[in-house]
Amino acid sequence: MSCEHLVCAQCAHPVIEGRCPLCRANRERLHQHGFAGLSPALIALLLVVLLFATLAAEHLAFR
Ligand SMILES: [Zn+2]
């Protein structure tokens, strides 16, 4: 989802221009959607899980 075509309800300018605090808040929120719709926090959590899974797999393989 992109905010390029959204018009601000407060200042009636494109949100992407960030002309008022509401625009800037919405722009920040829309641009923090992370990868493939996943939140950055969820991506970080998945990376940690993947790291532990890899370590566990190596531990099992080399015992
Ligand atoms: Zn605005």
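Whatever order the structure lists them in is the order used to number ligands and atoms, beginning at 1. Residue numbers run from 1 in the order of the sequence given.
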*Asks:* Within less than 2.8 Å, report the number of protein N/O/S atoms around the Zn ion (ligand 1).
*Replies:*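 Of the protein's nitrogen, oxygen and sulfur atoms, 4 lie under 2.8 Å from the Zn ion (ligand 1).
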*Asks:* So how far is it from Ile16 CD1 to Asn26 CG, rounded to the nearest 0.5 Å?
*Replies:*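 The CG atom of Asn26 is 11.5 Å from CD1 of Ile16, to the nearest 0.5 Å.
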*Asks:* Tell me whether Arg27 contacts the main-chain N or O of Val15 through its side chain, where contact means a donor paired with an acceptor under 3.5 Å.
*Replies:*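 No.
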*Asks:* Who passes side-chain hydrogen bond (donor to acceptor under 3.5 Å, both in side chains) against Arg19, sequence neighbours left out?
*Replies:*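 By the side-chain hydrogen bond (donor to acceptor under 3.5 Å, both in side chains) rule, Arg19 matches His13, Glu17.
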*Asks:* Supply the atom-to-atom distance Leu47 CG to Leu51 CG, rounded to the nearest 0.5 angstrom.
*Replies:*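 If we round to the nearest 0.5 Å, Leu47:CG and Leu51:CG are 8.5 Å apart.
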*Asks:* Are any of the side-chain heavy atoms of Cys8 and Pro14 separated by less than 4.5 Å?
*Replies:*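 Answer no - side chains too far apart.
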